Amino acid sequence: MSGTEPTPEGTPPTPPPTTVPASWQVPPSSSVPPGSSTPPGGAYPPNLPPYGYPSQGPGAQPYTYPAHSAQPTLGRPAPETLTIIAFIAAFVVSPVGLVLGIVQTVRERNKHGRASGLALGTIWVGAGVSVVTFFAGILLALSLFAFSGFVASSGVAADSAPEQAPRSDTVTAEFCDAARELIPLREPLDSLDADGYAEHVGDGGVYRAETEFMIEVATTGESLWDSAPGSIIGSVETLIDASWYSAEGFEGASPFDPQDLHDAQSAAAEVTDFAAEHCATP
């Protein structure tokens with residue numbers, strides 16, 4: 001049976017006395033001054049540092065204060081080289097610039113905590129240019145489609161147009177009347193020396209009379225063209241073209257070619273001879 005006396009029911013038992021180490025015991029003659037945290041004798045128990053200070057025993061690490069981390073910057077970081085390349089590509093090849101802008105935005109956020117303003121701007125520029133290019137391509141495709149349809153319809157209309165009826169070989173009174181206007185022009189036309197003019201035209205001389213005369217021959221030939229029969233229409237067209245070329249040569253608007261004057265003389269002879277054969281003398 002232990003030395004603890006029994007207690008009445010309901011009363012907690014008295015705890016056993018606590019054994020205090022001898023080094024912690026205070027001598028009876030000592031007293032602790034009021035308000036002092038230093039135990040009597042001016043020494044702490046062994047291996048027990050003063051309150052609030054780390055242990056200074058053997059093997060203890062010196063106390064160091066925690067390092068303060070640098071405060072994150074509030075501004076955006078400078079753009080990287082690839083970000084600049086992506087921004088340029090957004091104007092040239094907008095889809096590529098858009099993808100590179102997104103990639104650089106993610107990279108810079110993971111690296112610096114924030115993306116540069118140029119990376120964000122690349123996304124907006126790339127997206128905007130891509131949208132504009134897309135709709136411009138649609139409009140261009142629609143325009144080409146409409147133009148091709150117009151060309152096709154024009155070709156069908158041209159193919160479906162009736163061909164011009166061949167000229168009749170019938171000599172009409174209208175042709176004979178126009179041919180009679182050419183007859184008095186034939187003699188002065190034949191008197192023009194084509195080879196002689198070729199040696200002097202272009203030297204600064206004035207050939208206004210010859211120019212006006214060849215214009216008159218050309219306009220007379222044009223009056224024959226509408227009513228000329230099919231058998232003589234080739235000579236009429238030669239007369240018109242050669243007379244105009246000769247007039248331009250005499251005027252100095254183009255180089256003088258004596259062959260043009262020779263062709264005009266030959267064509268005029270063929271037309272007047274045809275008219276003398278097929279037209280009745282008034």
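Residues: numbered from 1 along the sequence shown. Computed from a prediction, not measured in an experiment: that's the story for all the values here.
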Point to revise | Met214 and Leu192: CA distance, side-chain angles, deciding distance, side-chain contact (heavy atoms from CB on, under 4.5 Å) verdict | key: CA-CA 10 Å; Met214 295 308 301; Leu192 298 177; 4.0 Å; yes
Pairs of donor and acceptor atoms involving the side chains of residues 128-142, under 3.5 Å and at least two apart or interchain, shall be tabulated with distances.
| unit_1 | atom_1 | unit_2 | atom_2 | d |
| --- | --- | --- | --- | --- |
| Ser130 | OG | Ser94 | OG | 3.1 |
| Ser130 | OG | Gly126 | O | 2.6 |
| Thr133 | OG1 | Val129 | O | 2.7 |

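- In the hydrophobic cluster analysis, where Ile, Leu, Val, Met, Phe, Trp and Tyr join through side-chain heavy atoms closer than 4.5 angstrom, Trp225 is grouped together with Leu239.
- Glu210 has its side chain within reach of Tyr197: a pair of non-hydrogen atoms, C-beta onward, lies under 4.5 Å apart.
- A continuous path of Ile, Leu, Val, Met, Phe, Trp and Tyr side chains, each step under 4.5 Å between heavy atoms, connects Ile240 with Ile215, placing both in one hydrophobic cluster.
- Remark: of the listed residues Val99, Val93, Leu98, Val93 is the sole one forming a side-chain contact (heavy atoms from CB on, under 4.5 Å) with Val96.
- Residues Ala228 and Phe175 approach most closely at CA-CD1, 3.7 Å, considering heavy atoms.
- Between the OG atom in Ser246 and the CD atom in Gln259 there is a gap of 10.0 Å [rounded to 0.5 Å].
- Closest of all the heavy-atom pairs between Leu100 and Ala86 is CB-CB, 3.4 Å.
- Atom OG1 of Thr122 and atom CD1 of Ile88 lie 9.5 Å apart (nearest 0.5 Å).
- Val125 and Ile123 are members of different hydrophobic clusters when ILVMFWY side chains are connected at heavy-atom separations under 4.5 Å.
- Hydrophobic clustering, with ILVMFWY side chains joined whenever heavy atoms are under 4.5 angstrom apart, keeps Leu185 apart from Tyr245.
- Among all heavy-atom pairs drawn from Val271 and Leu182, the shortest one is CG1-CD2, 3.8 Å.
- Checking side-chain atoms of Arg76 against main-chain N and O of Ala115 turns up a donor-acceptor pair under 3.5 Å.
- Residues Thr211 and Ala247 share a closest heavy-atom pair of CG2-O, 3.6 Å.
- Contact of the Phe274 side chain with the Ser231 side chain is registered, since non-hydrogen atoms from C-beta on lie closer than 4.5 Å.
- Annotation for Ser243 and Val217: closest pair OG-CG1, 3.3 Å, computed over non-hydrogen atoms.
- Taken to the nearest 0.5 Å, the CD atom of Glu80 stands 4.5 Å off from the NZ atom of Lys111.
- Between Phe250 and Phe256, the ring planes lie tilted relative to each other; the angle falls in the 30° to 60° range.
- Residues Arg208 and Glu212 form a side-chain contact, since some pair of their non-hydrogen atoms from C-beta on lies under 4.5 Å apart.
- Note that NE2 of His262 and OG of Ser266 are 8.5 Å apart. Values are rounded to the nearest 0.5 Å.
- Within a 6.0 Å sphere centred on CZ of Arg186, other residues, nucleotides and ligands contribute more than 12 heavy atoms.
- Between the OG atom in Ser235 and the CG atom in Leu224 there is a gap of 11.0 Å [rounded to 0.5 Å].
- Counting all heavy atoms, side chain and backbone alike, Ala264 lies closest to Leu189 at O-CD2, 3.8 Å.
- Using a distance-only test at 3.5 Å, with no hydrogens or angles considered, a donor-acceptor pair links the side chain of Thr272 to the main chain of Ala269.
- A 4.5 Å side-chain heavy-atom check between Ile232 and His278 finds every atom pair outside the cut-off.
- Side-chain contact, Thr83 with Glu108: a donor N or O sits under 3.5 Å from an acceptor N or O.
- In the hydrophobic clustering of this structure, Val103 does not group with Ile85; members are Ile, Leu, Val, Met, Phe, Trp, Tyr whose side-chain heavy atoms approach within less than 4.5 Å, directly or through other members.
- For the pair Ser223 (side chain) and Thr220 (backbone), a donor-acceptor distance under 3.5 Å is present.
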Check your understanding: What's the verdict on side-chain contact (heavy atoms from CB on, under 4.5 Å) for Thr238 and Glu270, showing C-alpha distance, side-chain angles and the deciding distance?
Key -> CA-CA 10 Å; Thr238 302; Glu270 293 174 359; over 6 Å; no
